[in-house]
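The structure appears below as structure tokens.
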Amino acid sequence: MNIIKMLKGLVVAAIISAFSMHAYAADSKKPTRIPVHNWSSQVVMAHVIGGIIKEMGGNVEYVPADSQKVYESIRIGDIDISHEVWQSAFGKSFDTARDKGGLLDWGDHEARTLEDMGYPNWVAEYCPGLPNWEALKDEKCWKNFVTPDSGGKGRWLEGPQSWHQDLMPQRLEALGLSDNWMVKFAGGADALWAELAAAKKEKRGTIIFNWTPNFTDGAGFTFIKFPPYFDGCRPADGGDGKCGSPDGYLKKAVNEKWTKTHPDAAAMFKKLSFNTAQIGAMAAYVDVDKMSHEDAAKTWLKKNKKVWKKFIK
Ligand code: TMO
């Protein structure tokens, strides 16, 4: 009798605790706020992650955000996650927010990154010695990169200034190249790809900012080899600026409170990791195949079920 009572009690306790555990683990229905920036893989991946969260029964909201200020927004809880923290462009803003508290490092993607100046391979013939940066010193080289808007100097077409501020003008200066080279900032990523296409058509030299993973991976684009990066080499970090960009991480970040209100989504997002080919494909659907970001994400999710289902426990 006593034993039966005891067993009954245990069963009831087990049911109650299982039930309450489930109640605690269930995610809040409050939308997870995902930032949207201005390069293709980031926007597609926002919708990929949103699609996974919806599949798990959650809600999402896409929030257009500045790609530097977003880390402070996550820290104070205006945005919940960041899924593409590129080390070269955003590492410093990320570190600052993490050190203040409220934003957590949620691990890295498998993909490594490079964000730097480069050229379509056929341009190498204009500058013997490329991809070594010292090839840019030669007048026979830089003369091929003068454009109507470059004041008689060779032109580097940088991305929007919101990505790196004055990193590239400072680098030209530091490497003693600024007498013969200048930086023009593109209005958006699309201007970089339009420049690639135009240079090819007109058979002229061009040097643009680009990155990997991207749709240009394996499409005949080469990054210039600058003096190696080390911590502190940039002027913004107190260095002399004579360095290229790092072999960088691609990190994820979260608001600390969101991990408590959305534990299932947080567990999924911690496991989530994409490789170079997967991220390149997200960008290619938009920049090569001209899909909308939403359609690109839907297509990617459909073709990669095995990849993302593994992130859901
Ligand atoms: C952050 N970005 C991929 C544009 O270099």
Side-chain angles (χ1 to χ4, degrees), residues 34-49 63-74 79 81-97 108-119 156-171 183-196 207-219 221-224 226 229 234 236 243-253 273-288 293 296-297 300:
I34 305 173
V36 172
H37 301 311
N38 53 356
W39 63 96
S40 300
S41 69
Q42 198 277 344
V43 186
V44 175
M45 201 190 293
H47 290 275
V48 162
I49 291 164
V63 185
D66 177 89
S67 55
Q68 297 290 352
K69 292 184 189 135
V70 68
Y71 302 103
E72 177 65 11
S73 302
I74 294 170
I79 290 178
I81 70 172
S82 171
H83 52 279
E84 281 195 15
V85 188
W86 293 67
Q87 180 176 340
S88 176
F90 313 125
K92 199 176 165 72
S93 298
F94 166 85
D95 285 349
T96 303
D108 296 358
H109 289 277
E110 181 186 332
R112 296 294 296 174
T113 62
L114 180 61
E115 306 164 72
D116 219 326
M117 306 305 298
Y119 53 87
W156 280 7
L157 186 62
E158 196 358 354
Q161 197 161 9
S162 59
W163 291 346
H164 314 110
Q165 297 72 51
D166 289 327
L167 177 70
M168 295 307 174
Q170 286 166 344
R171 191 188 295 177
V183 168
K184 160 115 196 250
F185 292 96
D190 282 347
L192 300 174
W193 320 140
E195 166 67 5
L196 270 186
I207 290 178
I208 67 161
F209 176 72
N210 195 358
W211 55 90
T212 178
N214 201 359
F215 73 94
T216 47
D217 293 346
F221 188 92
T222 300
F223 290 96
I224 296 170
F226 291 100
Y229 177 89
R234 291 177 168 178
C243 61
S245 297
D247 162 18
Y249 61 64
L250 186 63
K251 192 179 281 306
K252 300 165 290 172
S273 165
F274 296 128
N275 64 30
T276 299
Q278 289 159 349
I279 297 167
M282 292 180 202
Y285 283 141
V286 173
D287 292 320
V288 180
H293 298 103
W300 193 94

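Numbering of ligands and ligand atoms starts at 1, following listing order.
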Practice problem: For a side-chain hydrogen bond (donor to acceptor under 3.5 Å, both in side chains) with H164, tell me which candidate from Q68, R171, E158 qualifies. | Solution: E158
Quiz item: Who passes side-chain hydrogen bond (donor to acceptor under 3.5 Å, both in side chains) against H47, sequence neighbours left out?
Solution: none
Practice problem: Can you sort out the partners of F90 under ring-ring contact (aromatic ring centres under 6.0 Å, His included), two or more places apart, ordered by chain and number? | Solution: W39
Exercise. State the CE-CD1 distance between M45 and I34, to the nearest 0.5 angstrom.
Key: 11.5 Å
Self-check item: Summary of side chain to side chain donor-acceptor pair (under 3.5 Å) pairs that have at least one residue in residues 209-218, sequence neighbours excluded
Solution: N210-N214, N210-T216, T212-D217
Quiz prompt | Min side-chain heavy-atom separation H293-V36 under 4.5 Å | solution = no
Show me a pair-per-line table, with atom names and distances to 0.1 Å, of protein N or O atoms that are under 3.5 Å from an N or O of ligand 1.
from     : atom 1 : to   : atom 2 : distance (Å)
ligand 1 : 5 (O)  : E115 : OE1    : 2.8

